[in-house]
Amino acid sequence: MTSVQFSTIPKLIEGGDLLVKSQTGSGKTMAYAIPIVENLARLNPKLTRGDGCRVVVLVPTREVSYRAPPCLNFVHIILKSLSFWTSLAA
Ligand SMILES: Nc1ncnc2c1ncn2[C@@H]1O[C@H](COP(=O)(O)OP(=O)(O)OP(=O)(O)O)[C@@H](O)[C@H]1O
């Protein structure tokens, strides 16, 4: 975990609002992607496609906008795999 992720992810998972400034390439994308996916995965009842939009990510440039969806998808796949292996171990 990068230092920006270490200092932001727990607070965002708890539902806090943060304004974060750190160097390019310091890992900010995952710092918000992980809490978004984690908090959506925790919703009970579970989200369905019919629930509509729950998250809006605003980014400053088109180049940055190409990065967010793959990151969110990647985190979702990892969380799904972890919950699969955890349920097998239980
Ligand atoms: N915890 C981590 N461990 C290893 N690599 C990581 C980690 N988090 C992010 N990275 C990698 O570091 C690189 C930079 O991350 P990222 O693009 O999220 O930074 P950023 O701060 O959002 O950059 P920018 O300011 O340009 O938007 C990416 O290749 C990403 O995959």
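Indexing begins at 1, ligand by ligand and atom by atom, following the structure's order.
For atom 29 (O) of ligand 1, the protein comes within 4.0 Å by no heavy atom at all. Protein non-hydrogen atoms do not reach within 4.0 Å of atom 5 (N) of ligand 1. Within 4.0 Å of atom 14 (C) of ligand 1, at least one protein heavy atom is present.
Among protein heavy atoms, the minimum distance from atom 12 (O) of ligand 1 is reached at Gly25 O, 4.3 Å. For atom 1 (N) of ligand 1, the nearest non-hydrogen atom of the protein is Gln5 OE1, 2.9 Å.
Partners of Thr2 according to the side chain to side chain contact (heavy atoms under 4.5 Å, CB included) rule, which considers only residues two or more places apart in sequence or in another chain, are Val4, Gln5.
Residues Asn39 and Ile13 come closest through the heavy atom pair OD1-O, 3.3 Å. Nearest approach of Arg54 to Leu40, heavy atoms of both residues: CB-CD2, 4.0 Å. Annotation for Leu12 and Gly16: closest pair CD2-O, 3.4 Å, computed over non-hydrogen atoms. Between Lys46 and Ala41 the shortest heavy-atom distance is NZ-O, 4.0 Å.
Using 4.0 Å as the threshold, Val64 has no heavy atom nearer than that to any atom of ligand 1.
If you chain together hydrophobic residues whose side chains sit under 4.5 Å apart, Val59 and Ile36 fall into the same group.
When Val4, Ile9, Thr2, Thr29 are ranked by how near their heavy atoms come to atom 18 (O) of ligand 1, first place goes to Thr29.
Of all the heavy atoms of Lys28, the ones lying under 4.0 Å from any atom of ligand 1 are found in both the backbone and the side chain. Within the 4.0 Å heavy-atom criterion, the part of Gln23 lying near ligand 1 is the backbone and not the side chain.
Not one N or O of Ser22 is nearer than 3.5 Å to an N or O of ligand 1, by distance alone.
With hydrogens and angles disregarded, a donor-acceptor distance shorter than 3.5 Å links the side chain of Lys28 to the backbone of Ser22.
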